[in-house]
Amino acid sequence: MSRSLASFPEELLARILSLSLAPPRPAFDVFPPLPPRNRTAPLLVSRQFFRIASPLLYHTLHFHSPHQATRALNTFTHRPLLANAVRRVVLGGIWHDCVDVLAHCKYVQDVDITLDSGPGGPDDADAVAFCHALEQRRTIMHLTIRKDPAVYLTHPRPIYVLQRLAQAVHHWTDLETVHFALRISSSPSTLPLARALSVAPRLRSVRAQLPAVWNNILLVISTNPHLERVMLYAEPVLGSIQSRLNPSMCSAVIKGGYICDEIEHAVLGTGLYMMEAKKHARLSELIKGGT
C-alpha cells in the first residue's frame, strides 16, 4: 500500500525537512559554499509543511547587512513565536536592529559575532546596546568571534566589545565552546576575556587560528580545569587547496563536497608558537587532544 509523505509521523517529517532547510554556509566560511537552492520551497507544499517547517527555517539566522536584521525584526514583531525557534545567530556586524532581534530570541544558544568598525566606548550607542542585549541571553552555549578584514583589535569598537564579552562570559554559565576565528593576540582588551574563560564552569573546547607569534591568551584559558581540548588551525597562505589543484586532483582531497579540514588547515609542530607551547604541560596536552 502506497503512502504519501504527508501521512508520515510529524516527528519524521520534521527530521526530513530539517535537512532540506539547513542554512547555507556564510560567505566567510573556510569551506566553499553549497550550490544555491530554494530553502523556502517546502513551506509552499501544504499547510502542514508550512506549520512544521516554519520554526525549522528560523533555527539559524545569518545577517550580512543591517537590512536583513531589520526584516527579521519586522517578522518577529508580527510573529513572536518564530523567535522562540532561533538557536543560532550569525552576525556580520553590530547594528542597531540586532539589539531587538537578540531581545526577541530568548532561547538562542549559539552566537557568531563579527567585530566591525565604529566609535567604540560608552558613546557608541549601537555597541553599548548590543553588548547589553547579549549579556541578557543567559542561554549561550557556543560563542564565535570574527573580525572584518579591515578592522584591527586595536580599534575602539573591538576593544569595547571584547571587554564587554569578558563580563558577559561570567553570566553564561552554560558556555561550552569558544571559537576565535581570528588571530587573537594578548592585549589589555583580550586578557580579561581570557581570564573570564579560564573560570567558565562548563567550557570544554576552544578553537582558534594559530597565532603568528607566542602570546599567553590560550595559556591563560588553559588553566580552566574543565577544558578538554584546544583546536588550532592555520589559514592557508596560498589560497584554498581547491584553487591550487587541477580538477582531477580535487576529488582526492574533498570529502562529501567539502575540502578535507585536516589537509587545508594542518598545523606544523615546528612553528614558533607550537615550540613555545610545548614548554607548558597543560596547554600542550590540550593542543594534542584537539589539534
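Given the structure is predicted, the values throughout are model-derived calculations rather than measurements.
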key: Residues Lys279, Glu276: salt bridge by 4.0 Å N-O rule   = yes
message = Using only atom types and a distance under 3.5 Å, with no angle test, would you say the side chain of Arg282 pairs donor to acceptor with the backbone of Asn224?
response = yes
message = Treating Asp126 as the side-chain partner and Ile94 as the backbone partner, does any N or O pair qualify as donor plus acceptor under 3.5 Å?
response = no
inquiry  = So Thr114 and Val151, do their side chains get closer than 4.5 Å, heavy atoms only?
reply    = no
Greater than 12 external heavy atoms within 6.0 Å of Arg71's CZ = no
query = Any side-chain donor-acceptor pair under 3.5 Å between Ser187 and Ser189?
reply = yes
message = Using 30° and 60° as the class boundaries, would you call the ring planes of His155 and Tyr152 parallel, tilted or perpendicular?
response = perpendicular
key: NZ on Lys278 to OH on Tyr273, rounded to 0.5 Å   = 13.0 Å
inquiry  = Is any side-chain heavy atom of Gln209 closer than 4.5 Å to one of Tyr233?
reply    = yes
note = Nearest heavy-atom approach of Ala133 to Leu102 is CB-CB, 4.2 Å
query = Quick check: are there more than 12 heavy atoms from other residues, nucleotides or ligands sitting under 6.0 Å from NE2 of His96?
reply = no
ask   = Is the side chain of Arg183 donor-acceptor paired with the backbone N or O of Phe180 at a distance under 3.5 Å, no angle test?
value = no
ask   = Would Ser185 and Asn215 count as having a side-chain donor-acceptor pair, cut-off 3.5 Å?
value = no
task = Would you confirm whether Ser198, through its side chain, and Arg195, through its main-chain N or O, come within 3.5 Å as a donor-acceptor pair?
result = yes
inquiry  = So, taking the atom named CG in Leu203 and the one named CE in Met141, what distance separates them when rounded to the nearest 0.5 Å?
reply    = 11.5 Å
task = Answer yes or no: are there more than 12 heavy-atom neighbours, outside His67 itself, under 6.0 Å from its atom NE2?
result = no
key: Student check: side-chain heavy atoms of His62 and Gln68 closer than 4.5 Å   = no
task = Report yes or no: does Thr77 contribute a side-chain atom to a donor-acceptor pair with the main-chain N or O of Leu73 at less than 3.5 Å?
result = yes
query = Just wondering, more than 12 heavy atoms not from His170 lying within 6.0 Å of its NE2?
reply = yes
inquiry  = For Ser186, is there any backbone N or O sitting under 3.5 Å from a side-chain donor or acceptor partner on Asn216?
reply    = no
task = Would you sort out whether Arg204 and Glu176 count as a salt bridge (charged side-chain N to carboxylate O under 4.0 Å, His left out), showing the intermediate values?
result = CA-CA 5 Å; Arg204 297 292 183 268; Glu176 296 181 358; over 6 Å; no
